[in-house]
Amino acid sequence: AVAFAHELHQLVFIQTPAAFNISAVQIDQGTVSAGKTNLTVNYNVINSGEASLRITQVVPQATPLPNGIIFTRLSPSTLPTLLGGDTASFVYRVDAGTILGTFAINFNITGTDQNDSRTIGPQISPTPATLVINQPGTIVVDSVVIVKRTVSVGQTNIPATVYVRNSGQM
């Protein structure tokens, strides 16, 4: 900020406009089974200007569509105003949908410069997170092989081999 005195001795501050940067979006588990809940996604918004920045809208995005992914913002509870140089940390709970595939997770953010009411954005993180949703693992019994051909009722310790396979992706 630059300050100068006007001829009437009023001090005037000149600030660089509010501007924001969005950090890389992070996800705690990048590969999950369809229907997995309670994933944690977070990112930071940094006001790189000097003027205050009011974040007015945050729209979670998961592409491609359709995907059935559900976002719930955990923090901050209300959209913040950031002073120059301040950072806001955003944390979301994400529930994976049942549609299989690879999805980019990002956030479309819009704000307002508090000095001149100029709209900033919408803008997304240059580094979205990737979420891979696979078919859950499923155990399938292929066959059971019993070594003895004849056993008695109540007999124990009969050797057997069970062959199984995972018909899912996880």
Side-chain angles (χ1 to χ4, degrees), residues 17-145 160-170:
F20 62 86
N21 298 314
I22 306 166
S23 70
V25 178
Q26 303 288 323
I27 189 164
D28 65 342
Q29 296 178 53
T31 301
V32 299
S33 294
K36 172 76 173 155
T37 60
N38 294 316
L39 301 169
T40 301
V41 172
N42 59 63
Y43 62 93
N44 294 322
V45 176
I46 304 103
N47 180 0
S48 57
E50 293 175 327
S52 293
L53 166 72
R54 171 80 180 134
I55 297 176
T56 56
Q57 185 177 36
V58 176
V59 179
Q61 297 178 329
T63 54
L65 294 172
N67 54 52
I69 297 170
I70 299 170
F71 295 86
T72 304
R73 189 174 68 229
L74 301 178
S75 70
S77 58
T78 59
L79 295 177
T81 297
L82 302 176
L83 300 176
D86 278 356
T87 299
S89 296
F90 286 77
V91 179
Y92 282 76
R93 184 186 74 229
V94 175
D95 296 340
T98 56
I99 297 173
L100 308 181
T102 300
F103 303 94
I105 305 297
N106 213 331
F107 296 85
N108 193 325
I109 301 172
T110 305
T112 303
D113 183 305
Q114 295 299 94
N115 285 354
D116 63 8
S117 300
R118 179 179 51 92
T119 298
I120 304 166
Q123 184 175 325
I124 60 173
S125 170
T127 313
T130 299
L131 176 61
V132 178
I133 302 175
N134 286 327
Q135 181 177 338
T138 304
I139 299 293
V140 176
V141 175
D142 278 338
S143 63
V144 177
V145 177
T161 303
V162 179
Y163 293 94
V164 297
R165 65 182 163 84
N166 179 0
S167 65
Q169 294 176 303
M170 295 296 290

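Everything numeric in this text was worked out from a predicted model, so none of it was measured. Computed over heavy atoms, backbone and side chain alike; hydrogens, waters and symmetry mates excluded.
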Between [X] and [Y], which heavy-atom pair has the shortest distance, and what is it?
X: A18; Y: N47; answer: CA-OD1, 3.8 Å
X: N67; Y: A62; answer: ND2-O, 2.6 Å
X: A96; Y: S33; answer: CB-O, 4.4 Å
X: L53; Y: Q114; answer: N-CG, 4.3 Å
X: G68; Y: I99; answer: N-CD1, 4.4 Å
X: L82; Y: A88; answer: CD2-CB, 3.6 Å

Under the 3.5 angstrom rule, does the side chain of [X] hit a backbone N or O of [Y] as a donor-acceptor pair?
X: T110; Y: G121; value: no
X: S23; Y: N44; value: yes
X: T102; Y: V132; value: no
X: D95; Y: N38; value: yes

(request) Show your reasoning for whether side chain to side chain contact (heavy atoms under 4.5 Å, CB included) applies to I69 and I105. (result) CA-CA 10 Å; I69 297 170; I105 305 297; 4.2 Å; yes
(request) Please list, chain by chain and in numerical order, all residues satisfying ring-ring contact (aromatic ring centres under 6.0 Å, His included) with Y43, sequence neighbours excluded. (result) F90, F107
(message) L74 and side-chain contact (heavy atoms from CB on, under 4.5 Å): which single residue from V91, T40, N42 fits?
(response) V91
(request) Among residues two or more places apart or on two chains, list those pairs meeting salt bridge (charged side-chain N to carboxylate O under 4.0 Å, His left out) that have a residue in residues 130-145. (result) D142-R165
(request) Run the numbers on L79 and R73 for side chain to side chain contact (heavy atoms under 4.5 Å, CB included), then give the verdict. (result) CA-CA 10 Å; L79 295 177; R73 189 174 68 229; 3.4 Å; yes
A side-chain contact here means heavy atoms from C-beta on lying under 4.5 Å apart; do [X] and [Y] qualify?
X: F20; Y: S48; value: no
X: I133; Y: V32; value: yes
X: Q123; Y: V45; value: no

(request) Please step through side chain to side chain contact (heavy atoms under 4.5 Å, CB included) for the pair L131 and V41, ending with a clear verdict. (result) CA-CA 10 Å; L131 176 61; V41 172; over 6 Å; no
(message) Taking salt bridge (charged side-chain N to carboxylate O under 4.0 Å, His left out) as the definition, give me every residue that meets it alongside D28, ordered by chain and number, with sequence neighbours left out.
(response) none
